[in-house]
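Only one structure is covered here, and it is reproduced in the block below.
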Amino acid sequence: MEPTTPPGTSLTVGQRAVVNYSDGIDEGLLAITVTAIEQADQNEFRTAFGDKAQGLTPYCIRYTVENLTGTDFGTKVGPTLEALAGDGETTGTFITGDIPSCAPRLSPGDFDHPGARYENADLDATSPDDPVVAARYDGNDYDGNPLVWRMP
């Protein structure tokens, strides 16, 4: 079994991190790989959020989650990631909703065996003059000392 990635590790988009994960009921090891941090579709964002989208640039964080221990995490909310601006801080934008091209999803029902994987996405937004440059995971053991994936 792969060792867990130490809290505070800085990674590059495309690198894999292994984390202890608990959904409050079950515990196991997951691998998280951020595959892209990209600007999301501005028109979809405006359509979904109307006036609240004014002055914001949407970003989509895409990542793969892999079940390493076979814990039954099927049809559950998995780990979520947040966008970081150039100053290393979160964007400060609170988004409740998604857009078709960047929608988070529950894990599939068969996410219950070693090697099971799925693709996920999280939406964030920031002002145009403070672009997103990284994503972080700060769940479970990483609260206060997150994993950070930076764009190459």
Under the 3.5 angstrom rule, does the side chain of Gln39 hit a backbone N or O of Val132 as a donor-acceptor pair?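 It does not hold such a pair.
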
Main chain of Arg62, side chain of Thr35: is a donor-acceptor contact present, judged purely on distance under 3.5 Å?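 Looks like yes, one N/O pair under 3.5 Å.
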
Got a list of side-chain donor-acceptor pairs under 3.5 Å for residues 100-112, not counting sequence neighbours?
{"residue": "Ser101", "atom": "OG", "partner": "Glu44", "partner atom": "OE1", "Å": "2.7"}
{"residue": "Ser107", "atom": "OG", "partner": "Phe73", "partner atom": "O", "Å": "2.5"}
{"residue": "Ser107", "atom": "OG", "partner": "Thr75", "partner atom": "N", "Å": "3.1"}
{"residue": "Ser107", "atom": "OG", "partner": "Lys76", "partner atom": "N", "Å": "3.1"}
{"residue": "Ser107", "atom": "OG", "partner": "Lys76", "partner atom": "O", "Å": "3.3"}

Apply side chain to side chain donor-acceptor pair (under 3.5 Å) to [X] and list each qualifying residue two or more places apart in sequence or on a separate chain.
X	value
Thr57	none
Gln15	none
Thr69	Thr71

Nearest 0.5 Å, please: how far is [atom2] in [Y] from [atom1] in [X]?
X	Y	atom1	atom2	result
Glu82	Glu89	CD	CD	10.5 Å
Thr93	Tyr59	OG1	OH	11.0 Å
Thr47	Gln42	OG1	CD	10.0 Å

Run the side-chain donor-acceptor check on residues 140-147: report pairs under 3.5 Å with partners two or more places apart or on a different chain.
{"residue": "Asn140", "atom": "ND2", "partner": "Tyr137", "partner atom": "OH", "Å": "3.2"}
{"residue": "Asp141", "atom": "OD2", "partner": "Asn20", "partner atom": "ND2", "Å": "3.1"}
{"residue": "Tyr142", "atom": "OH", "partner": "Thr5", "partner atom": "O", "Å": "2.5"}

Pair Leu56-Thr126, side-chain contact (heavy atoms from CB on, under 4.5 Å): steps then yes or no: CA-CA 5 Å; Leu56 294 174; Thr126 187; 5.7 Å; no

If you compare all heavy atoms of [X] against all heavy atoms of [Y], which two are closest, and at what distance to 0.1 Å?
X	Y	value
Tyr63	Ile32	CD1-CG2, 4.2 Å
Leu30	Val65	CD1-CG1, 4.0 Å
Asp41	Pro58	O-CG, 4.1 Å
Gly97	Phe49	C-CZ, 3.9 Å
Leu84	Thr90	CD2-N, 3.7 Å
Arg16	Leu11	O-CD2, 4.1 Å

Same cluster for [X] and [Y] if Ile/Leu/Val/Met/Phe/Trp/Tyr side chains link at under 4.5 Å?
X	Y	value
Tyr21	Ile61	yes
Val18	Val34	no
Tyr118	Leu123	no

Give the intermediate values and the outcome of side-chain contact (heavy atoms from CB on, under 4.5 Å) for residues Val77 and Asp23. CA-CA 8 Å; Val77 174; Asp23 63 4; over 6 Å; no

Is the count of non-hydrogen atoms from other residues, nucleotides or ligands lying under 6.0 Å from Gln54 atom CD greater than 12?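 Counting neighbours around CD of Gln54, 12 or fewer heavy atoms of other residues, nucleotides or ligands fall under 6.0 Å, so no.
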
Arg150 vs Thr12, test: side-chain contact (heavy atoms from CB on, under 4.5 Å). Steps then yes/no. CA-CA 5 Å; Arg150 299 197 181 283; Thr12 302; 5.8 Å; no

Please list all pairs passing the disulfide bond (SG atoms under 2.5 Å apart) test where one or both residues lie in residues 120-152, with sequence neighbours left out.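 Of all non-adjacent pairs touching residues 120-152, none passes disulfide bond (SG atoms under 2.5 Å apart).
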
